[in-house]
Amino acid sequence: MTFSDVVTIVAVAASAALLVGALGLLAGRLLRRRSIRWQLALVATIGVAGAYLGATAVARLMFISPHDLLVMSVVSSAAAVVAIGVALVVAAMIARWSEALHAQVRAFGDGVTDAPGAGSVGGSAADAPPAELAALATELSATRERLREASERERRAEEARRELVSWVSHDLRTPLAGLRAMSEALEDGLAPDPAGYQRRIRAEVDRMSGMVDDLFELSRIHAGVLTLMPEPVLVADLVSEAIAGADPVARARGIRLTGEVDREVELHADPAGIARVLDNLVSNAVRHTRPGGAVEVRGRRLDGQEAGVEISVSDGCGGLPPTEMVRVFDVAWRAAPARTPQPDESRGAGLGLAIVKGIVEAHQGAVAVENREDRSGCCFRVTLPASAPSG
């Protein structure tokens, strides 16, 4: 075969391929809005038709005998039929996988919580989709689960906000009514004990002021503008201050308040913020511990991969049911019956533990609660990193 023959064969084959390719692009444009199975079938047809037309044209130029040309045509036709058939089968499978993915995407808008997962795309393992579609299906399932969890958190947050408004309104309305009655009695000179009335007014004002401070602190936490000023601080000092602040109330109720911290346990954190965490946890434990019970505060160093500090506060509240355990740190959560304060005790707006969680998480730490093994009470565990939080 001479060089000119090679050039001729290449030119004829290229011309045939270009002609079929141009027709294929035109057909693809016409079918661009149709199912992907037609697109894939068109791609296979273009490849087969281009090769068939080029081979036929070259064969005629080479003056191949009619018998040989017929054999070549039969072989090419058989190959073309098989190739197009395989392309149609693959196209149908891809279309089916695409429909399954479409069902998953549609489930997002419909709010369906039991939409098909990644495993349902393609059905059996033998009919598994390509890696790209399988990865997309898995990501869709994970995204749907994250959206469901976010929706649940939003629902709980909205419910907590409604409860907060209701409870804070009630907690403010009652003392305000009492303050008005006492002030009117003082103005009219009808108060049997003016000094006692003044002390009670001051106590109610202090309680409402503390509630407003809690609301302001919680709003800063939720807005992400809580300012931390980390510095080295001994955990023993923080625990001692928290115990000293709650000890008078504990003694009055006959509750034993103790603390124990490992030697030289140091924490790089915001002293005021961690002091607020301990004050809230210890006062909460004293308030809900039954008279004659005990509240224990412990601090220890964590080694290994979880290097940091753990502070635990155990009370004698009688334990929490599982349904309440998951809501302990929700905004406006109120104690279950086992933790309901006595009538002579003041009640907050259910913000203390929510503030604890916000401050601890701002320090890149974690807080959790569990029932004690003897079911006599609860144990709150605060885990903080030893290094300073970023930001």
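In plain terms, the two heavy atoms of Ala246 and Val282 that are nearest each other are CB-CG1, 3.6 Å. Arg290 approaches Gly318 most closely through the heavy-atom pair NH2-CA, 3.8 Å. When every heavy atom of Leu228 is checked against every heavy atom of Ala362, the shortest pair comes out as CD1-O, 3.4 Å. Taking each heavy atom of Cys317 and Cys378 in turn, the nearest pair found is SG-SG, 3.4 Å. In this structure, Gly273 and Ile359 approach most closely via the heavy-atom pair O-CG2, 3.6 Å. Of all the heavy atoms in Leu257 and Ala250, the pair that sits closest is CB-CB, 4.2 Å.
Linking Ile, Leu, Val, Met, Phe, Trp and Tyr residues whenever their side-chain heavy atoms come within less than 4.5 Å places Tyr197 and Val205 in a single cluster. In this structure, Met182 is a member of the same hydrophobic cluster as Leu176, with clusters built from ILVMFWY side-chain heavy atoms closer than 4.5 Å.
Within the 4.5 Å cutoff, the side chain of Leu147 has no heavy atoms near those of the Glu149 side chain. Contact annotation: the side chain of Glu264 approaches that of Leu234 to within less than 4.5 Å [non-hydrogen atoms, C-beta and beyond]. Under the 4.5 Å side-chain criterion, counting only non-hydrogen atoms from C-beta, Ile201 is in contact with Leu186. With contacts defined as side-chain heavy-atom distances shorter than 4.5 Å, the pair Glu260/Val297 does not qualify. No side-chain heavy atom of Val309 sits less than 4.5 Å from a side-chain heavy atom of Thr383.
Residue pairs meeting the salt bridge (Lys or Arg N to Asp or Glu O under 4.0 Å) criterion with at least one member in residues 176-188: none, sequence neighbours excluded. The salt bridge (Lys or Arg N to Asp or Glu O under 4.0 Å) pairs that include a residue from residues 193-205 are Arg202-Asp206, Glu204-Arg207, where partners are two or more places apart or lie in different chains.
For Asn280, the side chain to side chain contact (heavy atoms under 4.5 Å, CB included) partners are Arg276, Ile355, Val356, not counting sequence neighbours. With sequence neighbours excluded, no residue forms a side chain to side chain donor-acceptor pair (under 3.5 Å) with Arg372. Checked against salt bridge (Lys or Arg N to Asp or Glu O under 4.0 Å), Glu241 has no partners two or more places apart in sequence or in another chain. Partners of Glu296 according to the side chain to side chain donor-acceptor pair (under 3.5 Å) rule, which considers only residues two or more places apart in sequence or in another chain, do not exist here. Taking Gln198 as the reference, nothing meets the side chain to side chain donor-acceptor pair (under 3.5 Å) condition, with sequence neighbours excluded. Considering only residues two or more places apart in sequence or on other chains, Ala181 meets the side chain to side chain contact (heavy atoms under 4.5 Å, CB included) condition with none of them. Applying the side chain to side chain donor-acceptor pair (under 3.5 Å) rule to Ser314 yields no partners; only residues at least two apart in sequence or on another chain are considered. With sequence neighbours excluded, no residue satisfies side chain to side chain contact (heavy atoms under 4.5 Å, CB included) with Ser151. For Glu152, the salt bridge (Lys or Arg N to Asp or Glu O under 4.0 Å) partners two or more places apart in sequence, or in a different chain, are Arg155. Residues satisfying the side chain to side chain contact (heavy atoms under 4.5 Å, CB included) criterion with Arg146, sequence neighbours excluded, are Glu139, Ala142, Thr143.
Atom CD1 in Ile255 sits 10.5 Å away from atom CG in Asp247 (nearest 0.5 Å). To the nearest 0.5 Å, atoms NE2 (His268) and CD1 (Ile274) are separated by 12.0 Å. Atom CG of Leu267 and atom CD of Glu231 lie 11.0 Å apart (nearest 0.5 Å). Atom CD1 of Ile243 sits about 9.0 Å away from atom CG of Leu278, to the nearest 0.5 Å.
The residue from Leu281, Val286, Asn284 that alone fulfils the side-chain contact (heavy atoms from CB on, under 4.5 Å) condition with Val295 is Val286. Screening Val313, Ile311, Thr258 against Arg298 for a side-chain contact (heavy atoms from CB on, under 4.5 Å) leaves a single residue, Thr258.
Judged by distance alone, the side chain of His363 and the main-chain N or O of Asp270 form a donor-acceptor pair under 3.5 Å. Proximity of a side-chain donor or acceptor of Ser283 to a complementary backbone N or O of Asp279 within less than 3.5 Å is detected.
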